[in-house]
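If you read the sequence from its start, that first residue is 1, and numbering goes on from there.
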Amino acid sequence: MRKSRVSIQYKVSDKFLQSLALAMYKLTIAERDIKNPAELFDYIVKHRLEAIESFTTKDLLLFADKGDLQGDIAVSIHLSKPTNDILSAARYRLAARAGRVVSNIELHRLAFSTITGE
């Protein structure tokens with residue numbers, strides 16, 4: 001049986017791609033079997049869920065300035081439906097705390113910070 005997938009597409013900056021690459025690199029060094037962004041998000045949801053759930057408005061300001069993350073590079077990530085559901089729920093809770101809409105690109109950048117520390 002084929003897993004249900006959700007496609008997320010956005011246009012990102014070099015800064016966003018560097019953060020994505022650094023997170024994948026750090027997990028590869030730690031001998032995790034991460035081959036693509038979808039596997040990175042699966043790992044984050046499985047092993048860093050508490051960190052994702054505890055993001056604050058301050059984290060948005062420090063790590064995920066939307067203006068710095070959006071760019072001209074087209075990216076498409078195909079997440080498993082369960083992983084996307086967990087990330088979406090965390091995004092909605094963060095939006096409620098922040099008092100504004102939080103985009104996928106902002107939450108995804110914050111998710112990378114759970115691996116990279118930056």
*asked:* Whether the S88 and D85 side chains hold a donor-acceptor pair (N or O, under 3.5 Å, no angle test) is what I'd like checked.
replied: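 Per modelled atom types, S88 and D85 side chains form no pair under 3.5 Å.
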[X] versus [Y], closest heavy-atom pair with distance:
| X | Y | answer |
| --- | --- | --- |
| R97 | E53 | NH2-O, 3.3 Å |
| K66 | S103 | CE-OG, 3.7 Å |
| A38 | L79 | CA-CD2, 4.1 Å |

Under a 4.5 Å cut-off applied to non-hydrogen side-chain atoms, are [X] and [Y] in contact?
| X | Y | answer |
| --- | --- | --- |
| L87 | N104 | no |
| S80 | R5 | yes |
| K81 | V6 | yes |

*Transitive ILVMFWY side-chain link F55 to Y92, under 4.5 Å*: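 No, separate clusters.
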*Decide if the gap between the ring center of F16 and the ring center of H108 is smaller than 6.0 angstrom.*
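Aromatic pair excluded; centres sit 6.0 Å or further apart.
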*Would you check if the side chain of R91 reaches a backbone N or O of V102 as a donor-acceptor pair within less than 3.5 Å?*
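Confirmed, R91 side chain pairs with V102 backbone.
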Could you list the donor-acceptor pairs under 3.5 angstrom formed by side chains in residues 21-30, with sequence neighbours left out?
| unit_1 | atom_1 | unit_2 | atom_2 | d |
| --- | --- | --- | --- | --- |
| K26 | NZ | T116 | O | 3.4 |
| T28 | OG1 | M24 | O | 2.8 |

Nearest 0.5 Å, what's the [atom1]-[atom2] distance between [X] and [Y]?
| X | Y | atom1 | atom2 | value |
| --- | --- | --- | --- | --- |
| L94 | D59 | CG | CG | 8.0 Å |
| L40 | I77 | CG | CD1 | 8.5 Å |
| I34 | F41 | CD1 | CZ | 11.5 Å |

Could you pull out all residues at least two apart from [X] that satisfy side-chain contact (heavy atoms from CB on, under 4.5 Å)?
| X | value |
| --- | --- |
| D68 | K15, D65 |
| A64 | L60, L69, E106, R109, L110 |
| S54 | none |
| T57 | A98 |

Table please: side-chain donor-acceptor pairs of residues 43-50 below 3.5 Å, with sequence neighbours left out.
| unit_1 | atom_1 | unit_2 | atom_2 | d |
| --- | --- | --- | --- | --- |
| Y43 | OH | R32 | NE | 3.3 |
| R48 | NH1 | T114 | O | 2.5 |

